[in-house]
Each structure stands twice: as C-alpha cells, then as structure tokens.
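When a ligand or atom number is given, it counts from 1 through the structure's own listing order. Heavy-atom basis, side chains included; hydrogens, waters and symmetry copies ignored.
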Amino acid sequence: MLRRRLSSLLLRSPCSSAVASSCHHQQHHLLLPTHAEKPPAPNLLRLFTSLAGSDGDRPFIAFVLGGPGSGKGTQCSRIASDFGFSHVSAGDLLRNEISSGTDHGEWILEIIREGRIVPSEITVELVRKAIESSSAKRVLIDGFPRCEENRIAFEKITGTEPDLVLFFDCPEDEMVKRLLSRNQGRVDDNIETIKKRLKVFESLNLPVVEYYSSRGKAHKINATGTEDEIFEAVRKLFSTLRL
Ligand SMILES: Nc1ncnc2c1ncn2[C@@H]1O[C@H](COP(=O)(O)OP(=O)(O)OP(=O)(O)O)[C@@H](O)[C@H]1O
Ligand SMILES: O=c1ccn([C@@H]2O[C@H](COP(=O)(O)O)[C@@H](O)[C@H]2O)c(=O)[nH]1
Ligand SMILES: [Mg+2]
C-alpha cells in the first residue's frame, strides 16, 4: 500500500503536479518525545541565524530522504566522492552527541532506540552548524528533515530551502532485510525498532517528501537493485544539475 501511495505521489521526476501536503504528526504525537522529555531550551536568539547571510552565499543544499535502510548513507558517500559534496548525516550528528557524552546524549539514545524523532531544536542546530563549519559549496543533508516540524524549523531558522530533494524509494521488505544484515552495531537495527521506524517513516517522513514534490523539488530514485545500479540513476540526475 505504501508503495502504491508513493508511486502515485512521485510518478514523474521531478514532480510537477501539486500534491497536497498534510501534517500527520498531531495524530501520531505518541511517536514523538513527550514534553517531559524535552531538554532545556537552547538560546533562541542564537538559533535564529540565517545560513551564511544571503541566499547567494549559501551552498547548494540537497536533502536526501528515504525509508530506514533505503540506502541513503551508501549513496551519499558515492555522491560526495564523485560530485564533490560534503556529506552531513543527521543521524551521525546525533550519534556523535551520544558518543561524546553530551548533556542530552542518553536522552537522544533512548529516542533513537525507540525509532522516534529528536526535537527540531536539537537537530536543526546540529545540521546548521555542520553546514556552516564545512564551508563546502555543495552539501548533502542525509536523513533530515524527518517530519514537517523539522522542515519548517529548518527553513525558518536558516532562512533557506533545499535546492533539491532526493527520495530513495524502496520496498519495506527490502529495507528490513538490509537493516537486519547491516552489522554496524546500531541500537536501532533490531526488528522491534525497525517496525517503529517504518511507521514513523510513513506517517511523518513521507509528508515532507510530499511537500517538496508539490514544490517540484523532489526526485524519486528507484532504490532497488545493486548499489551500482542505483548510483547510475543518481549519477544521471546529478549530471544534469548546474552545480
Ligand atoms: N542496493 C543495495 N543492495 C543491498 N544492500 C544495500 C544496498 N544499498 C545499501 N545496502 C546496505 O544496506 C544497509 C543499509 O544501507 P544504508 O545504511 O546506506 O541505509 P540508510 O538509508 O542510510 O539507513 P538508515 O536510515 O538506517 O541510516 C547497509 O548495510 C548497506 O551496506
Ligand atoms: O533528523 C533526524 C535524523 C535522525 N533521527 C534519529 O536517528 C535515527 C537514525 O537516523 P539515520 O538517519 O537513519 O541514521 C532515526 O531513526 C531517529 O531516531 C532524528 O530523530 N532526526
Ligand atoms: Mg543512514
């Protein structure tokens, strides 16, 4: 059913048809952290800093989205090395917070273990800092935004939108198979968490893809087949870009 829904949303690449975006996170609020879980609010003034001033100064930004195990990280590494992009993985930034023992590391670990979404005030700030400190002209943001609230916060705080959104479309059974054999010691690579992540993907991540489809920015890539086959489709798309 999910595949059918996605295909109807993203028949063309890029999508030119308007697709209504909807915010499902209210009805799925139980999947998000509760108020009690929130860490101390960061300094809001510091958060409201645009990315490197005017739009003309900022790097080319591509959001890379797709279900858990769809191959975002794998393909991002290849795009980065062939097309000179800096690779910013939101998940890696959060895992660094855990491994470096920051104040809210344990709290982030629990959220990841449960397959839920870390609040925007944490993630947007990590992503914004990573973009700024990379000083790259082309940046891939892997696995972010994860929900409409993330997207709106990013656009508001950085004062910018992505130039391109790549969406890796992969069947659920293939994603599950890949995650269960990933073997990288991730706390979320177990069937209980994977099931939760798939629900979050459908209810919260997909509306972001729908939103960018309606803006003509989303490009769907068939994420089945070998890594090489998928990268060939990616390469074709990136070769057409004026970077
Ligand atoms: N085309 C492919 N065929 C088979 N296995 C693949 C393919 N692409 C990636 N993999 C493997 O599947 C696993 C998941 O890939 P990857 O980590 O890139 O996915 P992801 O979308 O970043 O997942 P997550 O959202 O959990 O970070 C990895 O072990 C990777 O080596
Ligand atoms: O923007 C984000 C990105 C990630 N998370 C949490 O981390 C895990 C793993 O993320 P990957 O990108 O797949 O490595 C994800 O399931 C979320 O729990 C997040 O909250 N916000
Ligand atoms: Mg990944």
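Atoms of ligand 2 found under 4.0 Å from any heavy atom of T123 (numbered from 1 in listed order, with element): 1 (O), 2 (C). Less than 4.0 angstrom separates some heavy atom of R197 from each of these atoms of ligand 1: 24 (P), 25 (O), 26 (O). Every atom of ligand 2 with a heavy atom of I117 under 4.0 Å away is listed here by number and element: 20 (O). The G143 neighbourhood of ligand 2 comprises atoms 1 (O), 2 (C), 3 (C), with distances under 4.0 Å to a heavy atom of that residue. Counting the atoms of ligand 2 from 1 in the order shown, those under 4.0 Å from a heavy atom of R186 are 9 (C), 11 (P), 13 (O), 14 (O). Atoms of ligand 1 found under 4.0 Å from any heavy atom of I230, numbered from 1 in the order shown, are 1 (N).
Of all protein heavy atoms, the one lying nearest to atom 27 (O) of ligand 1 is R186 NH1, 3.1 Å. In terms of protein heavy-atom proximity, atom 1 (N) of ligand 1 is nearest to G225 O, 2.9 Å. Counting only heavy atoms of the protein, atom 25 (O) of ligand 1 lies nearest to K72 NZ, 2.7 Å. Among protein heavy atoms, the minimum distance from atom 20 (O) of ligand 2 is reached at V118 N, 2.7 Å. Among all protein heavy atoms, the one lying closest to atom 8 (N) of ligand 1 is E227 CG, 3.6 Å. With respect to atom 15 (O) of ligand 1, the closest heavy atom belonging to the protein is T74 OG1, 3.6 Å. Protein heavy atom in closest approach to atom 14 (O) of ligand 2: R95 NH2, 2.9 Å. The protein heavy-atom contact nearest to atom 19 (C) of ligand 2 is L94 CD1, 3.5 Å. Of the protein's non-hydrogen atoms, R178 CB, 3.4 Å is the one closest to atom 12 (O) of ligand 1.
Heavy atoms of P68 approach ligand 1 to within less than 4.0 angstrom. S70 counts as a contact of ligand 1, since one of its heavy atoms falls under 4.0 Å from the ligand. Under the 4.0 angstrom criterion for non-hydrogen atoms, G67 is in contact with ligand 1. Contact between E114 and ligand 2 is absent, with no heavy atom of the residue lying under 4.0 Å from the ligand. Ligand 1 lies less than 4.0 angstrom from a heavy atom belonging to L179.
In terms of polar-atom proximity, defined here as any N/O pair under 3.5 Å, G71 does make such a contact with ligand 1. Annotation: S89 places no N or O atom under 3.5 Å from an N or O atom of ligand 2; distance criterion only. Residue-to-ligand polar distances place R146 within reach of ligand 2: an N/O pair is separated by less than 3.5 Å. Residue R116 places at least one N or O, backbone or side chain, under 3.5 Å from an N or O of ligand 2.
Counting heavy atoms from C-beta on, the side chains of D228 and T226 come closer than 4.5 Å. Side-chain atoms of L198 and E172, non-hydrogen and from C-beta on, do get closer than 4.5 Å to each other. Proximity of S239 to F83: side-chain heavy atoms (C-beta onward) are separated by under 4.5 Å at one or more points. In this structure, the side chains of V139 and S134 come closer than 4.5 Å at one or more pairs of heavy atoms. Taking the side chain as every heavy atom from C-beta outward, I230 and N222 never approach each other to under 4.5 Å. A 4.5 Å side-chain heavy-atom check between D188 and I194 finds every atom pair outside the cut-off. Between S120 and E149, the closest side-chain pair of non-hydrogen atoms falls below 4.5 Å. Looking at R178 and R182, their side chains never come closer than 4.5 Å, going by heavy atoms from C-beta outward.
Checked against ring-ring contact (aromatic ring centres under 6.0 Å, His included), F168 has no partners two or more places apart in sequence or in another chain.
With rounding to the nearest 0.5 Å, the separation of OH in Y211 from CD in E155 is 5.0 Å. With rounding to the nearest 0.5 Å, the separation of SG in C147 from CG in L204 is 6.0 Å.
Within the 4.0 Å heavy-atom criterion, neither part of D142 lies near ligand 2. Of the heavy atoms in I112, both backbone and side-chain atoms come closer than 4.0 Å to ligand 2. Of the heavy atoms in D188, only side-chain atoms (C-beta onward) come closer than 4.0 Å to ligand 2. Counting heavy atoms closer than 4.0 Å to ligand 1, residue N183 contributes nothing at all. When non-hydrogen atoms are compared, ligand 1 lies under 4.0 Å from neither the backbone nor the side chain of T224. Residue Q184 does not touch ligand 1, judged by heavy-atom distances below 4.0 Å.
Just one residue in the list K156, R151, R58, R215 forms a salt bridge (charged side-chain N to carboxylate O under 4.0 Å, His left out) with E161, and that residue is R215. Partner P119 forms a side-chain contact (heavy atoms from CB on, under 4.5 Å) with one of I111, V124, I108, N150 and no other, that one being I111.
If you check each of S181, S89, G73, G69 against atom 23 (O) of ligand 1, the one with the closest non-hydrogen atom is G69. Taking only non-hydrogen atoms, the option from R113, K72, R197, K196 nearest to atom 13 (O) of ligand 2 is R197. For the residues Q75, R182, E229, the heavy atom positioned nearest atom 26 (O) of ligand 1 is part of R182.
For T193 (side chain) and R113 (main-chain N/O), a donor-acceptor pair under 3.5 Å exists by modelled atom type. The backbone N or O of R95 sits less than 3.5 Å from a side-chain atom of S99, completing a donor-acceptor pair. Side-chain N or O atoms of D189 include none that pairs as donor or acceptor with a backbone N or O of L180 at under 3.5 Å.
Annotation for E125 and E121: closest pair CB-O, 3.6 Å, computed over non-hydrogen atoms.
Checked against the 6.0 Å centroid criterion, the rings of F167 and F63 do not qualify as a close aromatic pair.
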